[in-house]
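Some notes on the structure that comes next.
So you know, we letter chains A, B, ... as the sequences are listed, proteins then strands, and number each from 1.
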Number of protein chains: 2
Amino acid sequence: MAKAVTIQEVAALAGVSTSTVSNLLNGRISRMSAATRARIELAMSQLGYQANHAARQLKTGQSPIIGLVIPSVANPFWGAFVQAVEEAAMARGYQVLLGNGGRDPRREQRYAESLWSHGVRGVIFGSSPLSLDYILRLVERGLHVMVFDRRLHEGDTVMDGISVDNRVGGYLATRHLLDLGHRRIGFLSGPLRTSSRLERLEGYRNALIDAEIRHDPALIWVGESPTGAGDVEGAEIGRTGARALLSAEHPPTGLVAINDLYALGAYAGAHDLGFRIPEDVSIVGFDDITMADMANPPLTTIKQPIDSMMQSAVGTLIDRLEGTRSGPAHVVTVPIEIVVRNSTAQPGSRPYRPD
Amino acid sequence: MAKAVTIQEVAALAGVSTSTVSNLLNGRISRMSAATRARIELAMSQLGYQANHAARQLKTGQSPIIGLVIPSVANPFWGAFVQAVEEAAMARGYQVLLGNGGRDPRREQRYAESLWSHGVRGVIFGSSPLSLDYILRLVERGLHVMVFDRRLHEGDTVMDGISVDNRVGGYLATRHLLDLGHRRIGFLSGPLRTSSRLERLEGYRNALIDAEIRHDPALIWVGESPTGAGDVEGAEIGRTGARALLSAEHPPTGLVAINDLYALGAYAGAHDLGFRIPEDVSIVGFDDITMADMANPPLTTIKQPIDSMMQSAVGTLIDRLEGTRSGPAHVVTVPIEIVVRNSTAQPGSRPYRPD
DNA sequence: ATCCTTTAGTGTATCGTTCTACCAAGACCG
DNA sequence: CGGTCTTGGTAGAACGATACACTAAAGGAT
């Protein structure tokens, strides 16, 4: 096992003290002459020096790692989410330590503790049912937290947050169906344990109210997830729900699904019953995962711009870690849009083509 | 920022030396009386002691983190892969540090170096084009490597490996189509940069040879990926490829896709051209991702048992890290099976139902 | 009473960096 | 010429846990 190159070997080769090498490493270049600096840099590259993060962390209490706690990487949406975070973090020289929370608060708490003991001081939480006071305790301890998809109000909390306006999303999806002429619209979801899901439902309700359609509770289907995670089984739940809703006496002609996985599951459920999409039933999803465009028919859905969201989220988190940013919680809400494809049409008709 | 509890605070409260606390922490319980042990444990829980991994790592050179380098988490197969690794690692008290290699050797190398400097001494590589000698260099340095989906021969290398027999997989997929009566069978892939892909192709060829069908190079479509990653765009490539293959003068009646994403993309391509699945063209995939079962029609595919594979892989990697296992490279090949759903049927016929 | 073992611990150097002091030597000023 | 800055460094004590090398006390054998 080859020994790692240390700062003192570099110092010895360059003929300076370890302090000077450390100064260079930490950007305090004003404290040395250009010649010295060049000598050190030469020595570093000759020896192939690689900083020892453990030692550095022991001293500073910081490590260039950000934690990421999400419900489940097995869901393609979260896969893309992780990808986006990872990319943004890497651009700033940070690594990502991953945790699957499985929407289980206890497990998320365990992760957070473990992350802390690894010297991680910045964590991004995906959509989660974490109780606010638990996060708060972590924040008091010095952890920087960035929350995705949880409703926060500016000044209301000490945490930064980023999300799409889920209410608007739910409204847009429902509104699109309404504009097409649908009157009976179903809502398909799994356990409503996160604020984002509740907000999407709220948007759905508001759209119906604005269209002066009486609310029918029988049209809202909230599936139970056996494991409680409600992610991998999303498609399965969507399928079951679509079957339940469509086999009712007065089936809906349009379905708003809580996310694309549910929507794609609803495709299967509709097919099981012999319904064609969109001729017999229109379906709209949420997220715009890659598969949405490949599905048959391509899925109309609400798009979340995760790449840009995560770039911003990771940016402000790292700014906080590095002390560049301080001050009150920064809460951003990103505009959202519907992308219309071919899973929606006028009730009992041929596909609706956007142009 | 609350100070972390250290081993000496625990020692002070329990009235022992730090050495004794350390001994307890490291399982050397034979070196102390039951009473002392109980006092220390009480003190630890009273203070809420959490070990500082940085300090420990600085001393021991080890850290309870395993690295995971995969092409792209955005692909649902790799998402499930990460999930499986994470679960297995967590059960042993390890965390996972993630890296998206993007099938780019330079980037993978950068990751590996970075992982090393974080004290990570065990890494799992997903399917990758890494040159063997580069990995070898890492191994010499003391890194324990576990390679997924790369063909290794027992005794041939110093690295552990796990994979499915991709040749058999390609054979099984092709054979299934042959058994159904297909004679013109296309092969759909992206860049053949990994051994697993080449092996699947080999299996396809062998099946045709065994069936005494003359090999027609026009039936093999190898797409180019614009970014080189060939993952996110898998479905897109599959779509293009299916269109190319199916619009030929003598189109194939069956298609073997390099993985499920390509297969699902091929669904879209076939539809673009007005082909029905499986009546006009049969399609078989590889991996058995969650969406395979939800697709319309449900996809016949070769299943990779990733959960059990990763449990074994993580197990032997950690055994190596902890010194429990040593000796020659451990290469395991896991049996594979085809799961027949409704995307395959006899040529020009109604769906084939397994029972 | 002496010597040897065993039990139950402890003292302390060490891992690789950082960072607060501190300092030497020249430049500048009046 | 003495004093004060400025520039370009250096010394060395941390950070928290580990593990090697000890040892004090008690028990057993002779």
Side-chain angles (χ1 to χ4, degrees), chain A residues 1-41 43-44 47-64 116-121 142 322-323, chain B residues 1-41 43-44 47-64 116-121 142 322-323:
Chain A
M1 177 126 116
K3 293 224 64 61
V5 180
T6 73
I7 216 177
Q8 33 253 4
E9 295 171 52
V10 173
L13 182 58
V16 296
S17 73
T18 62
S19 307
T20 304
V21 179
S22 171
N23 282 336
L24 174 56
L25 250 24
N26 291 280
R28 283 179 285 271
I29 47 174
S30 65
R31 298 192 143 290
M32 73 198 65
S33 68
T36 312
R37 179 180 169 185
R39 269 201 337 277
I40 298 174
E41 277 167 351
M44 289 206 298
L47 297 171
Y49 172 75
Q50 283 264 113
N52 178 324
H53 287 292
R56 179 174 288 175
Q57 186 194 137
L58 181 57
K59 241 340 233 181
T60 63
Q62 287 260 3
S63 98
W116 177 270
S117 91
H118 277 290
V120 174
R121 295 297 172 266
E322 297 183 344
Chain B
M1 177 123 117
K3 293 219 59 63
V5 180
T6 73
I7 215 178
Q8 30 254 1
E9 295 171 52
V10 173
L13 181 58
V16 295
S17 73
T18 61
S19 304
T20 305
V21 179
S22 171
N23 281 337
L24 174 55
L25 249 24
N26 291 279
R28 282 180 285 270
I29 48 174
S30 66
R31 299 191 144 286
M32 72 198 67
S33 68
T36 311
R37 179 180 169 185
R39 273 207 328 282
I40 299 175
E41 277 167 351
M44 291 205 297
L47 297 171
Y49 173 74
Q50 283 263 115
N52 179 324
H53 287 292
R56 180 174 286 175
Q57 187 195 136
L58 181 57
K59 234 348 224 173
T60 64
Q62 287 262 0
S63 99
W116 177 269
S117 92
H118 277 289
V120 174
R121 294 297 172 266
E322 297 182 346

Would you mind reporting whether [Y] and [X] have side-chain heavy atoms less than 4.5 Å apart?
| X | Y | value |
| --- | --- | --- |
| A/Leu58 | B/Asn52 | yes |
| B/Arg56 | B/Leu25 | yes |
| A/His53 | A/Ser63 | no |

For [X] and [Y], which heavy atoms make the closest approach, and how far apart are they?
| X | Y | result |
| --- | --- | --- |
| B/Pro64 | A/His118 | CG-CE1, 3.8 Å |
| A/Arg39 | A/Ala14 | NE-O, 3.0 Å |
| B/Gln57 | B/Gln62 | CG-O, 3.1 Å |
| A/Val10 | A/Ala43 | O-CB, 3.9 Å |

> Could you give the start and end, 5' to 3', of the contact zone on DNA chain C for chain B, using atoms under 4.0 Å from its heavy atoms?
Replying inline: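 Span of nucleotides near chain B: C/dA8 to C/dG16.
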> Can you tell me if B/Ser22 and B/Ser19 form a side-chain donor-acceptor pair at under 3.5 Å?
Replying inline: no
> So does B/Arg37 have more than 12 non-hydrogen atoms from other groups sitting under 6.0 Å from CZ?
Replying inline: no
> 5'-most contact on DNA chain C: A/Thr20 or B/Ala34, nearest heavy atom basis?
Replying inline: B/Ala34
>> Quick check on the helix from C/dA1-D/dT30 to C/dG30-D/dC1: what's the angle between its two end axes, five base pairs per end, to the nearest 10°?
In response: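 The angle, to the nearest 10 degrees, is 50°.
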> What residue among B/Arg31, B/Met32, B/Arg28 forms side chain to side chain contact (heavy atoms under 4.5 Å, CB included) with B/Thr20?
Replying inline: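 In the set B/Arg31, B/Met32, B/Arg28, the residue that makes a side chain to side chain contact (heavy atoms under 4.5 Å, CB included) with B/Thr20 is B/Met32.
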>> Output one letter per nucleotide in nucleotides 11-25 of chain D: B when a protein non-hydrogen atom lies under 4.0 Å from the base, S when only the sugar-phosphate is that close, - when neither is.
In response: BB-BBBBBB------
